[in-house]
Number of protein chains: 2
Amino acid sequence: MDRPRRPTSADVAARAGVSRSTVSYVLSGSTQHSFPQATRDRVLLAASELGYTPHAAARALRRGTSGVVLLVLADVPIGANLGSMLAEMTTAVAATGRSLVTWTGGVGPTLRETLAHLDPLVVLTMAPLAPAEADAVGNAGIPLVAMPYAGSATQTVGPAAPSRGELQVGALQLQHLAAYGHRRVAVLTVAEPRLALFAHGRVEGVRRAALDLGLDQPPVLALGEPDDAAVAAVAQALTEWVRGPGPVTALCCYNDLYAAVALAAAARCGLRVPRDLSVAGIDDDPMGRFLDPPLTTISFDFRDTARAVVEQVAAVLEGAPPPPPGPSSQVLRVVERASVGPPPVR
Amino acid sequence: MDRPRRPTSADVAARAGVSRSTVSYVLSGSTQHSFPQATRDRVLLAASELGYTPHAAARALRRGTSGVVLLVLADVPIGANLGSMLAEMTTAVAATGRSLVTWTGGVGPTLRETLAHLDPLVVLTMAPLAPAEADAVGNAGIPLVAMPYAGSATQTVGPAAPSRGELQVGALQLQHLAAYGHRRVAVLTVAEPRLALFAHGRVEGVRRAALDLGLDQPPVLALGEPDDAAVAAVAQALTEWVRGPGPVTALCCYNDLYAAVALAAAARCGLRVPRDLSVAGIDDDPMGRFLDPPLTTISFDFRDTARAVVEQVAAVLEGAPPPPPGPSSQVLRVVERASVGPPPVR
DNA sequence: ACGATTCACTGACACGTGTGACCTGTCGAC
DNA sequence: GTCGACAGGTCACACGTGTCAGTGAATCGT
């Protein structure tokens, strides 16, 4: 019941009445040899009739390169718009004659297995890899490229070295609030260990920007799952933060989901947004537009980033050994909606 | 500047002072031959010192199988919780000694290229593939397995044959509303062609369930991008639907995002949810919980589905030719929150 | 007329691995 | 003393492809 063995180039050669070499030359469209149109047609016809597809493994073995680019995704909640980014990157990589596939990490050290199966040309990461995974990639001698958004991928010093992109996001959030006149801001972040790398960077970005602008260091509240308990926790923190001599007038939230938590908590406390409290999110989740009030957030230009990443990949594959530090150009943008406004007059 | 050629099993053999065959037998842990511990240790040491990793392509060529399972994702907005599903499936597939990677379709017929690069054992799909893509898979002689949620993958008859899972989702939505006493329901769907396969199935599911329950066929409104124009369109439709002799008392929405659009539109019309109008979503988007009111929706058990899919894959690979029709057990569940209630008394 | 060039094509090798068949020495059994 | 069994290991092939170096015939230049 097994399939009748897929046709090889030898089968095509036999059917076309030529040698296997000829088949290879014709099908690969080599410009070294030029064959008369008649021969070429015979080969193409035979190949098409047999449904011939070159064996990927054999080709990779011979060429010495697999043509696969592997994007490693951590086991983090995939934002709604990461999908667009994937599609964008896939087409961009395809344009260079290679293929992009993604691997979603789960538990257990299975990345090594996957590398053994795929033997990718290069591994892309959205976030710094866990040490074990980084080792697996390094051991296999595969170049590792970090998305410009994520900073350096090989940067494994310290428990969680904040990546440049995350720092910028946090800073942008705070700067936007400061531009509206907010002087005292609080931060809502997440406790989930898998998100620690993102979370730490964003908080740190807020902190540093606050330092630069001469503002007080913001209080930070780390939340668990985004459920009713989280809303209660935020509500309680808010009641403390908004009374007192230097009340908090704005919230930097880990992402739009936690900004939604903050909005719910504010409503529970009787605080009106943005009159009494401003709330800023991150990620431009499509649903944020329909919260009450519509959420001001920070969006991320996938088109641009995808292009930059693919260029980096191409550069690395051409033999440029040092992955150039991400240009991290204009990929971040504040999406102004109604959840951020001037602070209340005292 | 090129890397110094990765070590092969021959290098390991030379260093360990044995033949290449011995290396292969030792490293593959074959039970055919048994080597004394001393030899085994020498080989393992040499391999570890050289950082030897078997060449994936060569192994695949020899074994005749690539060990790769490819999941093809259409270029559709990735829901927030698809990530969990991917992680789940990845680990489940890894447990069978294979690797799952996903390919996100973009524009252009690049799936063929990717198949040529990867030569996967089997291709999984979330939704029926476009004819060109299905052809590519078929031509390469690769088995195609559809997720139980998605119905048959090879089912390419008609422009959009509704898949079983989608039908069930729509039906469940309507049944839940009917159980609350709603007799006249409207449907909010999407016009986006890429989503047509999903959308059509869900609407059809609502329709058939309405038929079974003896309710009127629901009016349907197809929306574009989820923006303010969409809110306006829904608001206008609502003003028509809720007045008249048989007013609409509930809305079945394409997903949670469009349910959020509906909530915004209801607010704009001065309709209170759920007192004046009930709204049901699909997908259990994490943010739906924080809408006002919290959204009643239909969730989808990834754990179960992932397991079922992986079992199907295993079955197909063991040589079971007909992919058994998806059991589609208890993977769908109504998440009751506050946006659905009894219809208004007249 | 004859070497030189081109045309159309082919033979053979290499890529790195897994594995069935084989080979050598030693030991126990008859 | 011979045979079989067995441990310990090696040989050589096959997987399917890309490509370098040729090869025979035809054509060309002089």
Side-chain angles (χ1 to χ4, degrees), chain A residues 2-3 5-43 46-47 50-67 97 115-119 121 140-141, chain B residues 2-3 5-43 46-47 50-67 97 115-119 121 140-141:
Chain A
D2 29 26
R3 286 172 297 282
R5 207 182 53 75
R6 60 186 294 170
T8 75
S9 69
D11 299 330
V12 176
R15 179 173 255 256
V18 295
S19 79
R20 212 178 48 70
S21 315
T22 304
V23 172
S24 179
Y25 280 122
V26 167
L27 291 186
S28 68
S30 163
T31 54
Q32 304 279 14
H33 294 51
S34 76
F35 294 90
Q37 195 59 39
T39 306
R40 186 161 302 188
D41 286 347
R42 281 214 318 283
V43 170
L50 265 58
Y52 168 70
T53 318
H55 193 73
R59 165 178 280 181
L61 176 59
R62 170 65 226 212
R63 279 206 68 199
T65 174
S66 65
L115 293 179
H117 281 321
L118 289 178
D119 197 28
L121 280 171
Chain B
D2 30 24
R3 287 174 297 284
R5 205 181 55 73
R6 61 187 294 170
T8 73
S9 68
D11 299 328
V12 176
R15 179 173 254 257
V18 296
S19 79
R20 211 179 49 69
S21 317
T22 303
V23 171
S24 179
Y25 280 122
V26 167
L27 291 185
S28 69
S30 162
T31 54
Q32 304 279 13
H33 292 50
S34 77
F35 294 91
Q37 195 60 38
T39 306
R40 187 162 299 186
D41 286 347
R42 282 214 317 283
V43 170
L50 266 58
Y52 168 69
T53 318
H55 193 74
R59 164 178 280 181
L61 175 59
R62 172 62 227 217
R63 282 205 66 198
T65 173
S66 64
L115 292 179
H117 281 320
L118 290 178
D119 196 28
L121 279 171

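Scope of the values below: all heavy atoms of this structure, side chains included, with no hydrogens, waters or symmetry mates. Chain identifiers are assigned alphabetically (A, B, ...) following the order of the sequence lines, protein sequences preceding nucleic acid strands; residue numbering begins at 1 within each chain.
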Testing dC13(D), dT10(C), dC15(D) for proximity to the side chain of S19(A), the answer is dT10(C)
What's S28(A) touching, base or sugar-phosphate or nothing? Going by heavy atoms closer than 4.0 Å. nothing
Problem set entry | Distance-only donor-acceptor test (3.5 Å): side chain R20(A), base dG11(C) | no
Rounded to whole Å, the CZ-P distance (F35(B) to dT10(D)) equals 8 Å
With distance as the sole criterion, is a donor-acceptor pair present between the side chains of S24(A) and S21(A) under 3.5 Å? no
Regarding the side chain of V18(A), the nearest nucleotide among dT10(C), dT17(C), dG18(C) is dT10(C)
R62(B) CZ to dT17(D) P, in whole Å, measures 16 Å
inquiry  = Just N and O in the side chain of T39(A): are any of them under 4.0 Å from OP1 or OP2 of dC9(C)?
reply    = yes
Within-4.5 Å side-chain heavy-atom neighbours: R42(B) and T22(B) | no
In whole angstroms, the gap separating C1' of dG18(D) from OH of Y52(A) amounts to 10 Å
D11(A) atom CG is separated from dG16(D) atom C1', nearest whole Å, by 11 Å
To the nearest angstrom, the CZ-C1' distance between R63(A) and dC20(D) comes to 17 Å
All heavy atoms of S66(A) vs all of L121(A), minimum pair found to be OG-N, 3.7 Å
Between CG of D119(B) and P of dT17(D) the distance, given in whole Å, is 10 Å
Worksheet item: Does a nitrogen or oxygen in the side chain of Y25(A) sit under 4.0 Å from OP1 or OP2 of dC20(D)?
Response: no
Separation of dT17(D) atom C1' from H117(B) atom NE2, nearest Å, is 15 Å
Separation of dG16(C) atom P from L27(B) atom CG, nearest Å, is 16 Å
Closest to the 5' end of DNA chain D, once R42(B) and A58(B) are matched to their nearest nucleotides, is R42(B)
Do any side-chain nitrogens or oxygens of R59(A) fall under 4.0 Å of OP1 or OP2 in dG18(D)?
-> yes
Residues A58(B) and L61(A): closest non-hydrogen pair is CB-CD1, 3.8 Å
Q: Remember a base hit wins even if backbone is also touched, and classify S21(B) as base, sugar-phosphate or nothing at under 4.0 Å, heavy atoms.
A: base
- [ ] Check whether any side-chain N or O of S24(A) sits under 4.0 Å from OP1 or OP2 of dG18(D), and answer yes or no.
- [x] yes
Going through the distances and angles, do Y52(B) and L27(B) end up as a side chain to side chain contact (heavy atoms under 4.5 Å, CB included)? CA-CA 10 Å; Y52(B) 168 69; L27(B) 291 185; 3.5 Å; yes
Reckon S9(B) touches a base, only the sugar-phosphate, or nothing at all at heavy-atom distances under 4.0 Å?
-> sugar-phosphate
Q.
Is the phosphate of dG9(D) approached by T22(B) (side-chain N or O, under 4.0 Å from OP1 or OP2)?
A. no
